[in-house]
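Quick note on labels: first sequence line is chain A, next is B, and so on, each numbered from 1.
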Amino acid sequence: MPELLEVETYRRQASAVVGRRIVAVEAPDAWYVKRGDRSVLEPALVGQRVSGIDRVGKLLLLDLEDGTRLGLRFGMTGRLLVDGSASIDRLQYSSTRTDPAWIRFSLFFDDGGDLRMLDPRRLGGVELDPDVARLGPDALTITASELAAALGRSRAPLKARLLDQSRIAGIGNLLADEILFAAALDPARPASSLTPSELGALHQSILTTLPTMMSTGGSHTGPLRTAAALGALCPLDGTPLLRRQIAGRTTWSCPLHQR
DNA sequence: ATTGTGGCCTGCCCGC
DNA sequence: TGCGGGCAGGCCACAA
C-alpha cells in the first residue's frame, strides 16, 4: 500500500470532507467491504455528518457524529479521490490510469462532493469500526521506550519487527529499508540484539526519515530506493547493495555500513 | 506465543 | 504485436 506517508497525505486531503453530511454510499464490490456489506454500511453512514478524520499507521479513519468510525485501508495500490481529484496521482507499482472500474467504494455528500477509493488490485478495503487497538503506536510519533518495547526480546529479524503493524503502525517495506539504511543497521539483525546506542540511532532514524521522505514526495523517494533503481551502489560508500528476502519481502541494504 | 509461509487479487513490465 | 513469467509499497489465516 501506500505506507504511512501516503496515508498521511490522504488524511490531510480527506479533511476537506469534515462537516459534510453523507447522503449516499456506493459499494459495488462486496469483497471490498470487510465484516459486512453495503446493507450494513448504508444505514450506518447515510444521514451522518463527518466529524473528523484520523489516521493510525496505514489506517485512515472517518469519524461520524454518532461515534461510528469508518476505516479505510488502501492495500498496496489504493488511492483516494476527494471531489474528483487525487492528492497522489502516482503510486509505485500501481497504475497511473484512473479506470472507473477500479472505484471500489464511494461516499457522496450533501454539498455535491464525494470521496472515492480507487484500487486496481483490490487489496484494500473498508470496515465499520475497525479494531484500532490491534495496532501499535504510530511510527510518526513513537517514543524511544515504545520502540524498545516493540522490539522486545524477539529473535526475529529487526526488519520483521518494524513491519509488524501490531508492534509499530505505519512502516511498510520501503520505509523499513530506508530507516535501517539511515540507522546503519543490518535488517537481518535479531531485533533484541541492539545496543542502547543502536536503539537510539534507530529511534532517531525513524523520527527523521519519515518527515524527510514526506517532504520529498513519499515512500519511494528515499536515497536507498533511488540508488537501488539506478545501479545498486550504496550512495554513502559505493559498495554494491545487497538484495535479499527478509520477512518475506524484497530487502535492499548496504553490506558495508549496515551492521 | 512467536515466527515463517502462502495466498489473496490484479496490473504492468520485461524478454522472447 | 502477443504472450508468459515474474514482480509488486499489505494483510490475514494458518502451521510449526
Side-chain angles (χ1 to χ4, degrees), chain A residues 1-10 28-35 55-60 71-80 86-105 117-127 130-132 134-136 139-140 149-181 187-193 209-210 213-214 216-222 224-226 228-229 232 243-252:
Chain A
M1 115 178 195
E3 303 189 37
L4 176 151
L5 302 182
E6 285 72 28
V7 181
E8 174 63 14
T9 303
Y10 292 163
D29 185 351
W31 161 264
Y32 217 68
V33 182
K34 311 303 178 185
R35 282 198 309 128
R55 179 191 60 76
V56 180
K58 309 170 192 173
L59 176 67
L60 189 68
L72 309 182
R73 289 177 210 280
F74 293 89
M76 284 168 57
T77 55
R79 293 158 61 200
L80 184 72
S87 56
I88 296 175
D89 52 24
R90 177 110 225 249
L91 274 182
Q92 197 103 61
Y93 306 115
S94 187
S95 175
T96 54
R97 293 191 295 129
T98 304
D99 189 328
W102 298 338
I103 298 175
R104 311 296 179 189
F105 182 76
M117 288 178 74
L118 225 74
D119 188 356
R121 281 182 63 190
R122 304 166 77 212
L123 288 165
V126 302
E127 183 180 2
D131 185 2
V132 177
R134 289 171 49 196
L135 296 171
L140 209 49
L151 300 183
R153 302 212 197 112
S154 172
R155 291 175 299 105
L158 185 51
K159 177 170 173 178
R161 275 287 164 127
L162 294 181
L163 290 175
D164 184 342
Q165 301 301 298
S166 71
R167 311 275 175 186
I168 304 171
I171 298 175
N173 193 42
L174 298 182
L175 286 181
D177 279 2
E178 295 294 346
I179 287 165
L180 291 167
F181 177 80
R189 281 271 295 275
S192 58
S193 70
T209 299
L210 297 184
M213 288 177 64
M214 182 99 206
T216 55
S219 303
H220 60 283
T221 60
L224 179 60
R225 181 75 185 178
T226 305
R243 183 186 199 266
R244 290 175 285 179
Q245 295 288 123
I246 295 176
R249 319 296 302 277
T250 297
T251 299
W252 289 91

Chemist: Short question: side chain of A:Arg104, backbone of A:Pro120 - any donor-acceptor pair under 3.5 Å?
Modeler: yes
Chemist: Given side-chain contact (heavy atoms from CB on, under 4.5 Å), test A:Tyr10 with A:Arg79 step by step and report yes or no.
Modeler: CA-CA 8 Å; A:Tyr10 292 163; A:Arg79 293 158 61 200; 3.8 Å; yes
Chemist: Expressed as a whole number of angstroms, how long is the span from A:Lys34:NZ to C:dA13:P?
Modeler: 11 Å
Chemist: Which is it for A:Lys58 and A:Leu135 under the side-chain contact (heavy atoms from CB on, under 4.5 Å) test, yes or no, and what are the steps along the way?
Modeler: CA-CA 10 Å; A:Lys58 309 170 192 173; A:Leu135 296 171; over 6 Å; no
Chemist: Closest-nucleotide mapping onto DNA chain B: is A:Gly248 or A:Asp99 further toward the 5' terminus? I mean the 5' end.
Modeler: A:Gly248
Chemist: Nearest whole angstrom, please: distance from the C1' of C:dG10 to the CD of A:Glu127.
Modeler: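 Computing the A:Glu127:CD to C:dG10:C1' distance gives 15 Å.
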Chemist: Among C:dC12, B:dC8, C:dA8, which is the nearest nucleotide to the side chain of A:Arg134?
Modeler: C:dC12
Chemist: Just call it for A:Gly172: base, sugar-phosphate, or nothing, with non-hydrogen atoms closer than 4.0 Å on any strand.
Modeler: sugar-phosphate
Chemist: Can you check whether A:Phe105 reaches A:Asp119 side chain to side chain, under 4.5 Å on heavy atoms?
Modeler: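 They are not in contact (no side-chain heavy atoms under 4.5 Å apart), so the answer is no.
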Chemist: Can you measure A:Arg243 atom CZ to C:dG6 atom P for me and round it to whole angstrom units?
Modeler: 13 Å
Chemist: Starting from P on C:dG10, measure out to OH on A:Tyr10 and report it in whole angstrom.
Modeler: 13 Å
Chemist: For A:Thr251, run the side-chain hydrogen bond (donor to acceptor under 3.5 Å, both in side chains) check against A:Arg243, A:Gln245, A:Lys159 and tell me which one passes.
Modeler: A:Lys159
Chemist: Is there a donor-acceptor pair under 3.5 Å between the side chain of A:Asp177 and the backbone N or O of A:Arg225?
Modeler: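 It does not hold such a pair.
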Chemist: Using heavy atoms and a sub-4.0 Å distance, could you list which residues of residues 150-160 of chain A are near DNA chain B? By number, please.
Modeler: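 Output list: A:Ser154, A:Arg155, A:Ala156, A:Pro157.
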Chemist: I want to check one thing: is the phosphate of C:dA8, taken as OP1 and OP2, less than 4.0 Å away from some side-chain N or O of A:Thr250?
Modeler: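 Result: yes.
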Chemist: Atom NE2 of A:His220 and atom C1' of C:dC7: how far apart are they, to the nearest Å?
Modeler: 17 Å
Chemist: Can you identify which nucleotide, out of C:dG10, B:dT2, B:dC9, has its nearest atom closest to the A:Lys58 side chain?
Modeler: C:dG10
Chemist: For B:dC9 versus C:dC14, give the span between their P atoms, rounded off to a whole number of Å.
Modeler: 14 Å
Chemist: To the nearest Å, how far apart are A:Arg104 CZ and B:dC9 C1'?
Modeler: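 Distance, rounded to whole Å: 9 Å.
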Chemist: With sequence neighbours excluded, tell me which residues meet side-chain contact (heavy atoms from CB on, under 4.5 Å) with A:Thr221.
Modeler: A:Met213, A:Thr216
Chemist: In whole angstrom, what separates A:Ile246's CD1 from B:dT5's P?
Modeler: 12 Å
Chemist: Can you give me the dot-bracket string for DNA chain C, 5' to 3', counting Watson-Crick and G-U wobble pairs with both distances under 3.5 Å, using [ ] for crossing pairs and | for partners on another strand?
Modeler: .|||||||.|||||||
Chemist: Just how far, in rounded Å, is C1' of C:dC7 from CZ of A:Arg121?
Modeler: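 That distance rounds to 9 Å.
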Chemist: For residues A:Leu210 and A:Ile179, determine if any side-chain heavy atom of one lies less than 4.5 Å from a side-chain heavy atom of the other.
Modeler: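 Counting from C-beta outward, A:Leu210 and A:Ile179 do come under 4.5 Å.
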Chemist: Base, sugar-phosphate alone, or nothing: which one does A:Arg35 contact when heavy atoms must sit under 4.0 Å apart?
Modeler: nothing
Chemist: With P as the reference atom in both, quote the distance from B:dA1 to C:dC11 in angstrom, rounded to an integer.
Modeler: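 One P to the other, the span is 22 Å.
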Chemist: Is the closest basic N to carboxylate O distance between A:Arg73 and A:Glu127 below 4.0 Å?
Modeler: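 Salt bridge between A:Arg73 and A:Glu127, a charged N being under 4.0 Å from a carboxylate O: yes.
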Chemist: Would you say A:Leu151 and A:Arg167 make side-chain contact, with heavy atoms under 4.5 Å?
Modeler: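 No; the side chains remain at least 4.5 Å from each other.
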Chemist: If only side-chain N and O atoms of A:Trp102 are considered, is one of them under 4.0 Å from the OP1 or OP2 phosphate oxygen of B:dG11?
Modeler: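 Checking B:dG11 against A:Trp102, a side-chain N or O does come within under 4.0 Å of OP1 or OP2.
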